[in-house]
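First the structure, in the form of structure tokens, and then the observations on it.
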Amino acid sequence: MVRTRFAPSPTGYMHIGNLRTALYAYLTARRNDGVFILRIEDTDQERNVPEALAAIYSGLALAGLVYDEGPGKDGGFGPYVQSERLPIYQKYADIIIEKGAAYRCFCKKEAQTIEDEGPVRRDPCRLLTQDEIEQKLSASESFVVRQRIPDEGSTTFADHVYGEITVENSQLDDQVLLKSDGFPTYNFANVVDDHLMAITHVMRGQEYLSSTPKYNLLYESFGWDVPEYVHLPLIIKEDGSKFSKRLGDPSFEDLVKMGYLPEAIVNYIVLLGWSPGNDQEFFTLKALEEVFSIDRINKSSAAFSFDKLTWLNGEHIRALSLDEFHALAEPYYPEALASFNTRKISELLQVRTEKLPEITEKIGFFIRVPEYDIEMYQHEKSKCDPEVSLEILKLVTPVLESLQTWDNDNLYLTLKDFGKDNGYKTGTVMWPIRTALSGVSVTPGGATALAEILGKEESLNRIQAGIEKLESALR
RNA sequence: GCCCCCAUCGUCUAGGGGACCAGGACGUAGCCCUUUCAAGGCUAAAACUGGGGUUCGAAUCCCCAUGGGGGCACCA
């Protein structure tokens, strides 16, 4: 039974790299009919942010990553919040001290920060005699528990992504397992919990690659089986620097606020470091659950491209039904748009929107025609200029006035025929109308689509205004 | 400083000795379609970091160099 876990510490937001780790862990569980577990790693009391827990839950929910076990969803391996497991770590710390694979260190914190010679520090306390220890203990001196790394030999572990890695034990430091406040460090808690929670595949960022030998040694000291390791490459920026919230890069929540669909973000993020082996790039979470596999994960770090995310977001927007898109677009429609058929507007917008907030700037002209220059009527490709425009607008007015059925199809056929009868290209007829109706050079949809939405009366008013504008300018 | 990891178009990647004068996607440029703009279609420019090996043959295997990244906390 495959069991994976996502083990974030509560920092207040969902980092992009964390989201991907969660995604991969989730997909690995789903693909293998396994169990996906959420564990909260809140062992740093100074860094805990109160509302951060909520951010983790909402972030996972937003991404669609439903966990099978976790806080509030006990599967027999709880509690799933590390700060609620303190006695457990205490117990295993005692066990490992007993085994001789760890020891108490009574050194002062400050003394530890002095730069020592050599890459690895061997703490003097590892040589303390039993008597000395008893003495310090009874004097209730505070201490931390450190792992006793063997002086000789080397440690090898296998990683699904990076292969076999060997490190000399002399390069490993006697890391702290239990802090003086009684809390475990990540280094200890992750090993104890992954074992106790029967995690089969440990998936995490590659920043843990270099400390993994120490975890292996811990597993060995306890006599536990080592889990499968899956270390994930880093996500960086296109200039090669770190992708970090602190440096102003967006978190998952930020991206959603910027108008990216959660499903598009998830789709994009899965491709940063993994590929399906064919040309498919568009994926829903459901589809990924069927095809994701660990052995197609890449080794090298991947740069986050906003351009590609934006494109993929457009793909997801276009894949929506009109109703779904309309629901997402509506919040961007101002009150003043209420008199129009906004569903029709959504229809025009859907294929032209890559990010939701773009909608705002695309629809302003529906409410009011902006001030514009008559140069707007000049258009090479449509063989149009202000003079011709004026002529067409005047000629077309009675035709439109007499039109009974005011919809896109009828308007289009009528105007097309009008052009044919009067020797104009369709584009030459449409350009001035579209311009008069909107006052902008680019609109979602053409002249007739806009006219339909604006309605007969408003359309004719705007055309009349265009005529007056042109007349006064050309006089 | 020490240790570990990585290295294909600008970016994400396919590729796991001959099928590669290296394929796809984003972005960029051009064309087509066309009622402006999109969407869609077509086309173009664009990469195997360098040097040694191994081999009949290397993007693919090995070594070195270079470059990049990560780690060396009572943070995770």
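A, B, ... follow the sequence lines: proteins, then strands. Residue 1 opens every chain.
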Open item on the list: Does A/R204 reach a base, just sugar-phosphate, or nothing at all? Heavy atoms under 4.0 Å.
Closed with: nothing

TODO: Rounded off to whole Å, could you give me the CD-to-C1' distance for the A/Q280 and B/rG24 pair?
DONE: 13 Å

Task: Sidechain N-carboxylate O distance under 4.0 Å for A/D173, A/K214 - done: yes

Task: Contact letters for nucleotides 33-40 of chain B, in which S counts primed atoms plus P, OP1 and OP2 and B counts the base, heavy atoms under 4.0 Å - done: -BBBBBSS

Open item on the list: When you compare the side chains of A/T448 and A/N408, does any donor N or O come within less than 3.5 Å of an acceptor on the partner?
Closed with: yes

Open item on the list: Side-chain N or O of A/R20 versus OP1/OP2 of B/rC12: is the shortest distance under 4.0 Å?
Closed with: no

Open item on the list: Counting the atoms with a prime plus P, OP1 and OP2 as sugar-phosphate, which does A/N187 contact under 4.0 Å by heavy atoms, base, sugar-phosphate, or nothing?
Closed with: base

Open item on the list: I'd like to know whether A/R343 forms a salt bridge (charged side-chain N to carboxylate O under 4.0 Å, His left out) with A/E347, so could you lay out the CA-CA distance, the side-chain angles of the two residues, the decisive distance to 0.1 Å, and finally the verdict.
Closed with: CA-CA 6 Å; A/R343 207 183 135 86; A/E347 204 173 340; over 6 Å; no

Open item on the list: Between B/rC74 and A/S180, counting only base atoms on the nucleotide and side-chain atoms on the residue, is there a donor-acceptor pair under 3.5 Å?
Closed with: yes

TODO: Calculate, to the nearest 0.5 Å, the distance between atoms CG and CD1 belonging to A/L454 and A/I463 respectively.
DONE: 9.5 Å

Task: Proximity of A/F157 and A/Y229 rings by center, below 6.0 Å - done: yes

TODO: Kindly assign one of parallel, tilted or perpendicular to the pair A/F304 and A/Y268, based on the angle between their ring planes and the thresholds 30° and 60°.
DONE: perpendicular

Task: Interatomic distance where NZ belongs to A/K237 and P belongs to B/rG68 [whole Å] - done: 17 Å

Open item on the list: Reading RNA chain B from 5' onward, which residue's closest nucleotide shows up sooner: A/Y215 or A/S305?
Closed with: A/S305

Open item on the list: From CG of A/N216 over to P of B/rG71, roughly how many Å is that when rounded to an integer?
Closed with: 20 Å

TODO: Would you kindly give the NZ-to-P distance between A/K308 and B/rG10, to the nearest whole Å?
DONE: 15 Å

Open item on the list: Side chains of A/D193 and A/Y80 only: does a donor on one sit below 3.5 Å from an acceptor on the other?
Closed with: no

Open item on the list: How many whole angstroms separate atom CZ of A/F283 from atom C1' of B/rG24?
Closed with: 13 Å

Task: Atom-to-atom span, CZ of A/F183 to C1' of B/rA76 - whole angstrom - done: 14 Å

Task: Any N/O donor-acceptor pair, A/K299 side-chain to B/rA7 base, under 3.5 Å - done: no

TODO: Find the distance A/F306:CZ to B/rU28:C1' and express it as a whole number of Å.
DONE: 20 Å

Task: Spacing between A/Y229 atom OH and B/rC4 atom P, to the nearest angstrom - done: 18 Å

Open item on the list: I want to check one thing: is the phosphate of B/rU13, taken as OP1 and OP2, less than 4.0 Å away from some side-chain N or O of A/N278?
Closed with: no

Open item on the list: Any strand counts, and the cut-off is 3.5 Å on both contacts for Watson-Crick or G-U wobble. Which nucleotide pairs with B/rU28?
Closed with: B/rA44

Task: Toward the 5' end of RNA chain B, by each residue's nearest nucleotide, A/L272 or A/P8 - done: A/L272

